[in-house]
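Note sheet for the following structure.
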Amino acid sequence: MFVLGERVRLRAMEPADAEALWWWNHDPEVMRWMDAGYAQPLVQVRTWLEERPRNAYGDVLFGIDAPAKPTAGTAEWQLIGLVRLSGAEPETGCAELNIYLGEKEYWGQGYATDAVRAVCRYGFEAMRLHKIALTVVTENDAALRVYRRVGFVEEGRLREVFRREGQWLDKYTMGLLEGELK
Ligand SMILES: CC(C)(COP(=O)(O)OP(=O)(O)OC[C@H]1O[C@@H](n2cnc3c(N)ncnc32)[C@H](O)[C@@H]1OP(=O)(O)O)[C@@H](O)C(=O)NCCC(=O)NCCS
């Protein structure tokens with residue numbers, strides 16, 4: 001099953017996607033505003049994809065496919081990033097959203113906006129969520145533009161929870177209620 005946006009399609013991740021993820025996780029520009037964690041070998045990333053439980057209410061991970069560039073040969077689609085809804089609980093109807101695009105030549109063309117809209121629509125319609133929440137570093141202007149455009153609003157500020165280049169930075173908590181998706 002695909003979840004379709006206007007230009008992207010969201011699909012289950014495959015073990016064969018491990019190499020792309022591994023490269024993205026080693027790209028300082030991609031990881032600039034993300035919690036990088038500790039370095040993982042490629043085999044670990046592949047094992048994680050092979051062994052993670054199937055997508056279900058509490059954790060849905062999608063690969064974001066976009067139309068491949070003509071230079072990509074015969075492939076029609078190119079994996080450009082990931083989007084995830086995790087931690088959903090029936091009692092609260094709330095899940096957390098995470099997104100990143102690892103293929104930088106696809107940045108700034110509306111793909112993240114399309115993918116966030118598609119996954120939020122899926123969350124509200126198919127999963128019957130009431131709310132989708134996220135946190136974002138207050139300096140991450142591109143991500144803030146995406147989230148605000150689709151209807152997320154700032155709900156709070158977590159002080160000095162992210163460290164980058166020797167500085168402590170704040171994060172916003174943001175939320176989108178059922179019916180607020182734009
Ligand atoms: C943040 C991210 C998801 C945005 O993806 P995208 O496909 O480029 O987003 P969109 O094109 O839909 O919209 C981004 C907007 O920010 C703008 N933008 C891009 N880089 C920017 C920057 N450094 N400063 C300000 N605005 C920027 C784009 O021009 C676009 O402007 P618009 O609102 O006029 O269209 C992507 O850059 C990314 O994955 N970054 C690395 C990981 C990350 O930060 N993830 C989010 C963690 S909360």
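Both ligands and their constituent atoms are indexed starting at 1 by order of listing. Residue indices begin at 1 and follow the sequence shown.
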Between ligand 1 and the protein, give all atom pairs where both partners are nitrogen or oxygen and the distance is under 3.5 Å, as lines of names plus distance to 0.1 Å.
{"from": "ligand 1", "atom 1": "7 (O)", "to": "Ala112", "atom 2": "N", "distance (Å)": "3.0"}
{"from": "ligand 1", "atom 1": "8 (O)", "to": "Gly108", "atom 2": "N", "distance (Å)": "2.6"}
{"from": "ligand 1", "atom 1": "11 (O)", "to": "Gln109", "atom 2": "N", "distance (Å)": "3.2"}
{"from": "ligand 1", "atom 1": "11 (O)", "to": "Gly110", "atom 2": "N", "distance (Å)": "2.8"}
{"from": "ligand 1", "atom 1": "12 (O)", "to": "Thr113", "atom 2": "N", "distance (Å)": "3.1"}
{"from": "ligand 1", "atom 1": "12 (O)", "to": "Thr113", "atom 2": "OG1", "distance (Å)": "2.5"}
{"from": "ligand 1", "atom 1": "13 (O)", "to": "Arg149", "atom 2": "NH2", "distance (Å)": "3.0"}
{"from": "ligand 1", "atom 1": "31 (O)", "to": "Arg145", "atom 2": "NE", "distance (Å)": "3.3"}
{"from": "ligand 1", "atom 1": "33 (O)", "to": "Arg145", "atom 2": "NE", "distance (Å)": "2.7"}
{"from": "ligand 1", "atom 1": "33 (O)", "to": "Arg145", "atom 2": "NH2", "distance (Å)": "3.2"}
{"from": "ligand 1", "atom 1": "33 (O)", "to": "Arg149", "atom 2": "NH1", "distance (Å)": "2.7"}
{"from": "ligand 1", "atom 1": "33 (O)", "to": "Arg149", "atom 2": "NH2", "distance (Å)": "3.3"}
{"from": "ligand 1", "atom 1": "34 (O)", "to": "Arg145", "atom 2": "NH2", "distance (Å)": "3.0"}
{"from": "ligand 1", "atom 1": "35 (O)", "to": "Arg149", "atom 2": "NH1", "distance (Å)": "3.1"}
{"from": "ligand 1", "atom 1": "39 (O)", "to": "Leu101", "atom 2": "N", "distance (Å)": "2.7"}
{"from": "ligand 1", "atom 1": "44 (O)", "to": "Asn140", "atom 2": "ND2", "distance (Å)": "2.9"}
{"from": "ligand 1", "atom 1": "45 (N)", "to": "Ile99", "atom 2": "O", "distance (Å)": "3.1"}

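In this structure, Arg11 forms no cation-pi arrangement with Phe2, as its terminal cationic atom is not both closer than 6.0 Å to the ring centre and no more than 45° off the ring axis.
Considering only residues two or more places apart in sequence or on other chains, Trp33 meets the ring-ring contact (aromatic ring centres under 6.0 Å, His included) condition with none of them. For Asn140, there are no side-chain hydrogen bond (donor to acceptor under 3.5 Å, both in side chains) partners at least two apart in sequence or on another chain.
With Asp114 contributing its side chain and Gly5 its backbone, the two residues share no donor-acceptor pair below 3.5 Å.
Judged as a ring-ring contact (aromatic ring centres under 6.0 Å, His included), the pairs with a partner in residues 50-92 (not counting sequence neighbours) are, in order, Phe62-Tyr122.
Once rounded to the nearest 0.5 Å, the distance linking CD of Glu6 with CZ of Arg117 reads 7.0 Å.
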